[in-house]
Each structure stands twice: as structure tokens, then as C-alpha cells.
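All values below come from the heavy atoms of this structure, side chains included, with hydrogens, waters and symmetry mates left out. Bear in mind the structure is a predicted one, so any value in this text is a computation, not a measurement.
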Amino acid sequence: MSWTTLVVAGLFEVAWAVGLTYSEGFTNLRASVATLLALAISMGLLARAVETLPVGTAYAVWTGIGAVGTAILGIVLFEESADPVRLGFVGVIVVGIVGLHATSGH
């Protein structure tokens with residue numbers, strides 16, 4: 001259950017990171033509120049996950065999910081570069097996430 005909580009926390013991290021763009025420097029009220037809500041949920045779920053998962057592993061996975069998800073949505077939503085080398089490095093992050101899960105013992 002902790003891993004599921006951690007993955008959902010990571011998805012909310014993606015939401016708040018992408019929300020930063022839509023908030024327009026926190027001048028767009030609706031987007032700003034949604035961004036801050038996603039941030040609070042993400043942090044709350046991360047805090048719940050580290051009750052049973054090692055904090056170093058959980059934090060690395062949480063930031064990894066956020067980085068990969070935000071990079072992918074940056075490509076899809078904001079026409080950021082989909083250069084193969086860039087995608088390769090995103091893949092390295094995914095391998096790291098899978099490796100941490102596989103070696104966590106949970």
C-alpha cells in the first residue's frame with residue numbers, strides 16, 4: 001500500500017509542477033489554488049508513504065516520478081523538446097525508479 005501511496009504522491013507532484021506554468025506566477029487564481037492543493041496532497045501522501053518506506057528511497061522515487069511525468073507533459077502540453085537524447089535521460093530516471101523499487105525490500 002505504501003508504494004501505491006508513493007506513486008499517487010508522485011502523480012500529484014507532476015500536477016503541481018505543471019500547474020506552476022498555468023498559475024502564471026501565481027497570478028491566475030484558479031490555477032494557483034489547484035497548484036497549491038496538488039502540492040499539499042502530494043506532500044501529505046509522501047509523508048504517509050515514509051511512515052513505512054525508507055525516506056531516501058521514497059524521496060528519490062517521488063522526485064523521479066515528478067521529473068519523468070513533468071518532462072513528458074512538458075513535451076505534450078508545452079511543445080518542449082522530444083530530442084532522443086533527452087528522452088534517453090528520462091529513461092535513465094525510470095530505470096532508477098524501477099531499481100529502487102526492486103531493491104527496497106518492501
Side-chain angles (χ1 to χ4, degrees):
M1 187 63 168
S2 296
W3 279 99
T4 301
T5 301
L6 182 59
V7 169
V8 174
L11 295 175
F12 274 99
E13 184 188 8
V14 174
W16 72 255
V18 171
L20 290 172
T21 298
Y22 289 110
S23 76
E24 300 171 0
F26 292 107
T27 61
N28 178 321
L29 181 61
R30 180 175 284 155
S32 297
V33 169
T35 298
L36 293 172
L37 182 60
L39 174 61
I41 292 169
S42 181
M43 290 288 182
L45 291 172
L46 176 61
R48 174 78 46 99
V50 300
E51 290 175 351
T52 55
L53 294 174
V55 69
T57 298
Y59 184 74
V61 170
W62 179 73
T63 58
I65 292 169
V68 169
T70 303
I72 291 169
L73 286 181
I75 292 166
V76 172
L77 298 175
F78 308 120
E79 300 179 15
E80 293 179 5
S81 171
D83 177 85
V85 174
R86 182 174 190 237
L87 294 177
F89 284 116
V90 170
V92 169
I93 297 170
V94 171
V95 169
I97 293 168
V98 171
L100 286 169
H101 179 261
T103 61
S104 74
H106 284 90

- Any idea which heavy atoms bring Ala82 and Leu87 closest together, and the distance? O-CD1, 3.4 Å
- When rounded to the nearest 0.5 angstrom, what is the spacing between CG in Leu77 and CD1 in Ile72? 11.5 Å
- Query: Does the side chain of Glu13 reach to within under 4.5 Å of the side chain of Met43, using non-hydrogen atoms?
  - Reply: no
- Measuring from Arg30:CZ to Ser23:OG, what's the distance to the nearest 0.5 Å? 14.0 Å
- Message: If I take atom CG from residue Leu20 and atom CG from residue Leu39, how far apart are they, to the nearest 0.5 angstrom?
- Response: 8.5 Å
- Note on the structure: On a heavy-atom basis, the closest approach of Trp62 and Gly10 is CD1-N, 3.6 Å
- Query: Do Phe89 and Leu73 share a hydrophobic cluster, counting only Ile, Leu, Val, Met, Phe, Trp and Tyr and linking them when any side-chain heavy atoms are less than 4.5 Å apart?
  - Reply: no
- Geometric class of the Tyr22/Phe78 ring pair [parallel <30°, tilted 30-60°, perpendicular >60°]: tilted
- Message: Run the side-chain contact (heavy atoms from CB on, under 4.5 Å) test on Ile75 and Arg86 for me, step by step, so that the C-alpha distance in whole Å, both residues' side-chain angles and the decisive distance to 0.1 Å come before the verdict.
- Response: CA-CA 11 Å; Ile75 292 166; Arg86 182 174 190 237; 3.5 Å; yes
- Note on the structure: Scanning both residues in full, the closest heavy-atom pair of Val50 with Ala58 reads CG1-CB, 3.6 Å
- Worked check of side-chain contact (heavy atoms from CB on, under 4.5 Å) between Leu36 and Phe26: CA-CA 10 Å; Leu36 293 172; Phe26 292 107; 4.1 Å; yes
- Drop me the distance from Ile97's CD1 to Thr57's OG1, to the nearest 0.5 angstrom. 12.0 Å
- Item | Transitive ILVMFWY cluster of Ile41, excluding itself - 4.5 Å side-chain cut-off | Val8, Phe12, Leu37, Leu45
- Task: Going by the side-chain contact (heavy atoms from CB on, under 4.5 Å) test, name the single residue among Val7, Thr70, Val94 that passes it with Ile65.
- Result: Val7
- Message: Quick check for you: to the nearest 0.5 Å, what is the distance between Thr21 atom OG1 and Asn28 atom CG?
- Response: 11.5 Å
- Any donor-acceptor pair under 3.5 Å from Ser42 side chain to Ala9 backbone: yes
